[in-house]
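Heads up, the thing below is written out as structure tokens.
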Amino acid sequence: MAEYECLNLRAEVGSRRGAKRLVLDGVSFEVGAGEFVSIMGRSGVGKTTLLRVLAGLHEPSADSPTSDCMVRFSDEAVAGPPEGVSLVFQDYTSSLLPWRSVARNVELPLEGRLSKADRQVRVTEALEMVGLADRHDAQPFELSGGMQQRVQLARALASRPAALLMDEPFGALDALTKADLEDQLLEIFTATGTTVVFVTHDIEEAVYLSDRVLVLDGSPAKIVAEIPVESPRPRTQMHTRESPEFLRARHRVHEVIFGTE
Amino acid sequence: MLVLVAIAGIWEVLVRFSIADVQFLPAPSEIAAAAQGEIFGGELVGRLIHTVGVTALGWGIASVIGVGLGLLLGLSPTAYRYSMTSFEVTRAIPPITFVPAALLIFGFSLKMELVLVIYGGIWPVLINTIGGVRSIAPELRDVGTMLRLSTPETIRKIVLPAAMPSVVVGLRLGLSLCLVLAVVAEMVGNPEGLGNGLIRARQALQPALMFVYVIAAGLLGVALNAGLRATARAFLPGNALKDVFAS
Ligand SMILES: Nc1ncnc2c1ncn2[C@@H]1O[C@H](COP(=O)(O)OP(=O)(O)OP(=O)(O)O)[C@@H](O)[C@H]1O
Ligand SMILES: [Mg+2]
């Protein structure tokens, strides 16, 4: 069953008065419920724009010549952020509320929806999932970059989303922290069964995490390739990265992005 | 503090021994004596209460208007575009230049003083609120949108706290300006308060008393600022305010 459906998507960026630029045209793909899909592509190709459309933060272009442009999440057209979708932003420094403690940041999506006691339970649960249960009362600025990104992940998980959209969440982190967080994300993915759409420009990361890798290219961009990753789960940094399935998928992605030499 | 004592000492010596032969310049000791008389037997306390009252009331009203209007203009690009040019022009006129006009319209009254204080106090609050709101990181606004917060919720949970350091700067500048305008209005318009006390002392050729009022106004400014700082400290987390009171 498809959770996200995207058909012939067109999207423009630019200021209201300034010149608009067509970034995405004819983007079509589906993401199944409980699937982990990565979106890859070079910088500026429109990955963030695509993710913002899925999140309901960016409206698809209205003046489509073919009027079959469609974005649906669990069988409903996306118009504004859909219920059950969480977004993890690329830049954790500007997406946490610096005046709130770690716990209060994670609590934000639950306010007005759950009782105080239920919120506490969810906050503790989410912080445990990202391994930050002991930093409950810390202020965001007291944490390292990796920890701040974990807080953002916990905030996204607190509302128990059906789908998690992530925009280069580990792009700014060092290799060790990154590997750590990748494994943590996979654990959460397995435990919760959440659908994940993950944007990255790290080929290894995309292949390691995903069931499928979609490659975005061109100007305006569309999906130029779709590479399935057959490596079995659970995956581990050491074994999976040496498995023939992993190497084969990585090779394919390389081919698509850099061409065959 | 030590510097102040030293200055007072030198001043005392200069005046006592007529080294600086300035007519009507009282020695610090004379000022102290005048202050004592004015506090215990005179009008200082009543005048002080009047000026504090008008400054606080005017500043409070100006702050509510300034923050409210600032939120509106900061959040709505349309409202911002249509009003910013006229604001820039109006703001460039020093509020003091409206004193004669206010005097003509409202006469020698409390109303005249309040209008002037409120008008002047709005600007710093308004400009800093707009600036604070417009400089909020777009990601932070997206966080609110993603969580499908209502507009009042967004303002309460995201916009106001994010803009707060800038708003507090505006409130602080506004408070100083309100005090200045209250004293000016009392000097030329409303015959009450510290400003009027100052003028009366001059007319009565009592320079020592005049200086008592000058010092009282200065101390009041310091006290109001300290009060605001303490209030802000109590309500806001420490890190948000670090640079607000640095200057
Ligand atoms: N607000 C904007 N105004 C004008 N152009 C924009 C705006 N936002 C993005 N763009 C342009 O749209 C294109 C797609 O941007 P987008 O952020 O989606 O790329 P990306 O693939 O996420 O890049 P990166 O990997 O660097 O994050 C870029 O060429 C960018 O210059
Ligand atoms: Mg991006």
Side-chain angles (χ1 to χ4, degrees), chain A residues 13 15-17 48-49 51-59 78-101 104-113 137-142 148 151-152 155-156 158-159 161 163-169, chain B residues 67 71 73-82 84-85 129 131-169 171 231-245:
Chain A
V13 294
S15 61
R16 212 160 301 168
R17 285 185 298 173
T48 298
T49 310
L51 210 63
R52 288 174 59 83
V53 170
L54 298 182
L57 291 174
H58 189 104
E59 255 184 84
V78 171
E83 172 95 55
V85 173
S86 289
L87 178 62
V88 175
F89 294 85
Q90 186 165 1
D91 185 0
Y92 45 84
T93 49
S94 53
S95 38
L96 292 177
L97 314 188
W99 56 88
R100 282 183 176 229
S101 69
R104 298 258 300 131
N105 262 286
V106 177
E107 196 182 353
L108 183 67
L110 310 174
E111 286 167 8
R113 284 160 214 200
D137 296 318
Q139 294 297 126
F141 62 89
E142 297 168 344
Q148 289 185 36
V151 175
Q152 224 208 134
R155 182 176 67 190
S159 55
L164 196 55
L165 307 176
M166 307 181 81
D167 189 3
E168 290 185 43
Chain B
V67 171
L71 282 175
L73 291 174
L75 288 172
S76 157
T78 318
Y80 181 80
R81 260 204 311 282
Y82 282 111
M84 231 30 216
T85 349
T129 305
V133 171
R134 286 177 65 89
S135 61
I136 294 175
E139 283 91 344
L140 225 44
R141 304 282 290 275
D142 285 342
V143 169
T145 316
M146 251 347 258
L147 299 178
R148 288 169 301 160
L149 300 182
S150 64
T151 308
E153 269 182 312
T154 309
I155 291 177
R156 195 160 51 82
K157 291 184 181 169
I158 299 198
V159 175
L160 259 184
M164 196 44 82
S166 182
V167 171
V168 173
V169 170
L171 291 178
T231 316
R233 281 266 164 76
F235 285 102
L236 297 169
N239 65 309
L241 282 175
K242 238 175 229 153
D243 30 60
V244 175
F245 285 107

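The CE atom of B/Met146 lies 12.0 Å from the OG atom of A/Ser95; values are rounded to the nearest 0.5 Å.
Side-chain contact check for A/Leu108 versus B/Val143: some heavy-atom pair is nearer than 4.5 Å. Between B/Leu140 and A/Ser94, the closest side-chain pair of non-hydrogen atoms is not below 4.5 Å.
In terms of heavy-atom pairs under 4.5 Å with chain B, the best-connected choice from A/Pro81, A/Ala55, A/Gly80 is A/Pro81. Chain A forms more heavy-atom pairs under 4.5 Å with one residue of B/Leu147, B/Leu149, B/Thr145, B/Asp142 than with any other, namely B/Asp142. Counting heavy-atom pairs under 4.5 Å between each of A/Glu83, A/Arg52, A/Arg100 and chain B puts A/Glu83 at the top.
Contact annotation for A/Leu87: both backbone and side-chain heavy atoms come within less than 4.5 Å of a heavy atom of chain B.
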Donor-acceptor contacts, no H, no angles, side chain residues 154-165 of chain B, under 3.5 Å, sequence neighbours left out:
residue  : atom : partner  : partner atom : Å
B/Thr154 : OG1  : B/Ser150 : O            : 2.7
B/Lys157 : NZ   : A/Glu111 : OE1          : 2.9

